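To start, the structure itself, in structure tokens.
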Number of protein chains: 2
Amino acid sequence: MSEVRQFSAAGRRVLAAAEELFYERGITAVGVDLVAERSGVTKRTLYNQFGSKDQLVTAYLGERDRRWRALVRATVDDCADPLHAVTAPFEALREWSRTSGRGCAFVNALAELPDPDHPAHRVATEQKRWLRDLFSELATAAGCTDPATLATQLLVLHEGALATQPLALDTLPATTDLAWTLVRAAADATG
Amino acid sequence: MSEVRQFSAAGRRVLAAAEELFYERGITAVGVDLVAERSGVTKRTLYNQFGSKDQLVTAYLGERDRRWRALVRATVDDCADPLHAVTAPFEALREWSRTSGRGCAFVNALAELPDPDHPAHRVATEQKRWLRDLFSELATAAGCTDPATLATQLLVLHEGALATQPLALDTLPATTDLAWTLVRAAADATG
DNA sequence: CCCTCGGTATACTGATCTGTGAAGTCCAGA
DNA sequence: TCTGGACTTCACAGATCAGTATACCGAGGG
């Protein structure tokens with residue numbers, strides 16, 4: 001499914017520059033000339049590697065998704081307690097927020113790319129679905145009741161904390177507390 | 001504070017077209033030429049009325065904010081039960097979503113306007129702060145414990161439901177249920 | 001009558017956008 | 001030594017961007 005494309009050294013530099021610029025300044029506002037210049041590469045090389053701006057954008061989102069999932073997985077695996085593991089993505093989010101202060105890259109991308117056939121939509125939808133399913137699996141493993149509903153609620157909390165991030169309202173602590181309360185309540189209900 | 005500017009008939013048509021186009025297609029992706037054409041007005045008139053694209057964008061967000069607050073206030077006022085009134089904004093959101101399927105216009109705008117000095121940031125931040133404070137007031141009126149924390153959690157739930165809207169995961173029902181559970185629990189804790 | 005005001009119509013500036021063409025450079029491996 | 005591929009350099013096309021200039025029109029009011 002997810003084809004791991006091999007990029008050249010120049011291609012990787014382009015991707016790194018694209019990640020930073022697209023996230024910080026917005027996709028439409030950043031031109032390919034700037035990405036090329038910032039990565040020390042010619043526009044010709046950029047187009048030889050990625051074909052079009054749309055494909056570069058898709059690669060940028062895919063790469064960011066890959067990094068985010070890796071962080072979440074690592075944080076989950078570090079949890080000895082299976083109950084605590086259910087809220088591990090919120091801990092990962094706290095770590096992730098140290099460098100990303102402009103909200104969710106995927107939500108932001110959808111805001112700029114209204115065409116539902118754009119591959120970016122698939123990437124974004126798959127990421128959120130993946131997180132919801134992960135919540136569900138972790139909740140099931142921890143013996144929670146109604147893991148499907150709990151997973152949806154945790155996903156909404158997660159996205160809410162991410163969406164309010166650029167507003168500097170410091171919502172993450174209260175959100176994490178609530179997530180933990182929900183998980184404990186769902187676990188207690190089994191006994 | 002919020003100066004109610006009077007627009008001419010042409011200016012109002014421009015604002016209506018801007019609302020639809022900016023929200024549906026994104027701010028950067030929509031040019032002033034298109035807004036002028038869609039509203040049946042010349043670019044000269046557009047600039048005479050709004051001065052610049054940035055100011056038109058700010059007016060668009062301000063107008064949308066005004067309409068959203070009016071809907072929320074009306075929905076809250078329709079609630080006889082003060083406890084039920086705390087979750088009224090979620091009911092308003094359901095109504096609002098019937099026409100707006102592309103997430104929060106303000107979050108989307110911030111994604112495209114990274115400059116924190118842009119007036120759009122002030123509009124967006126004030127809107128979310130207003131909603132949080134409204135939650136807090138309603139929770140206090142309903143006799144809930146710790147209305148400040150509850151308000152933040154309800155805001156996060158609200159924004160989470162809004163942010164996941166374009167992903168077609170149907171998160172609003174489970175979110176509204178959870179909001180209602182939280183409010184009831186906070187009210188019961190007083191007795 | 002004339003004059004201002006809000007609007008129309010149209011053409012324009014200069015910058016920037018995505019994407020391509022053509023020729024030349026560099027280097028690893030057969 | 002030759003070859004092929006990745007990369008650079010530079011010029012360019014064609015479109016679109018925000019914003020401006022100039023001239024015109026019709027209605028309302030002194």
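As the structure is a prediction and not an experimental result, all values here were calculated from the model. Per chain, numbering begins at 1; letters A, B, ... match sequence-line order.
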(request) Output yes when at least one side-chain N/O atom of B:Ser52 is less than 4.0 Å from OP1 or OP2 of D:dA18, else no. (result)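 Indeed not, no polar side-chain atom of B:Ser52 lies that close.
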
(message) It should be established whether B:Gln49 places a side-chain nitrogen or oxygen under 4.0 Å from OP1 or OP2 of nucleotide C:dG7.
(response)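 Indeed, a polar side-chain atom of B:Gln49 lies that close.
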
(request) Kindly assign one of parallel, tilted or perpendicular to the pair B:Trp68 and B:Trp96, based on the angle between their ring planes and the thresholds 30° and 60°. (result)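 Ring orientation of B:Trp68 relative to B:Trp96: perpendicular.
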
(request) On the 0 to 90° scale, with breaks at 30° and 60°, tag the B:Phe135-B:Phe90 ring pair as parallel, tilted or perpendicular. (result)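 Judged by the thresholds at 30° and 60°, the geometry between B:Phe135 and B:Phe90 is tilted.
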
Atom-to-atom span, [atom1] of [X] to [atom2] of [N] - whole angstrom:
| X | N | atom1 | atom2 | result |
| --- | --- | --- | --- | --- |
| A:Leu56 | C:dC17 | CG | P | 14 Å |
| B:Leu46 | D:dC17 | CG | P | 13 Å |
| A:Asn48 | C:dG19 | CG | P | 13 Å |
| B:Tyr47 | C:dT8 | OH | C1' | 17 Å |
| A:Glu112 | C:dC17 | CD | P | 14 Å |

(message) Salt bridge or not between B:Arg69 and B:Asp65? Use side-chain N to carboxylate O under 4.0 Å.
(response)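 The answer is yes: the pair qualifies as a salt bridge.
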
(request) Using a strict 4.0 Å threshold on nitrogen-to-oxygen distance, state whether A:Arg129 and A:Asp133 make a salt bridge. (result)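 So A:Arg129 does not pair with A:Asp133 through a salt bridge.
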
(request) Mind listing the residues from residues 16-45 of chain A sitting with a heavy atom below 4.0 Å of DNA chain D? Number order is fine. (result)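 Result for residues 16-45 of chain A: A:Gly40, A:Val41, A:Thr42, A:Arg44, A:Thr45, sorted by number.
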
Could you tabulate the donor-acceptor pairs under 3.5 Å formed by side-chain atoms of residues 31-40 of chain A, not counting sequence neighbours?
from    : atom 1 : to      : atom 2 : distance (Å)
A:Asp33 : OD2    : A:Lys43 : NZ     : 3.3
A:Ser39 : OG     : A:Val35 : O      : 2.7
A:Ser39 : OG     : A:Ala36 : O      : 3.1

(request) Verify the distance criterion only: is there a donor paired with an acceptor across the side chains of B:Gln49 and B:Ser8 at less than 3.5 Å? (result)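 Present: a donor and an acceptor within the cut-off.
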
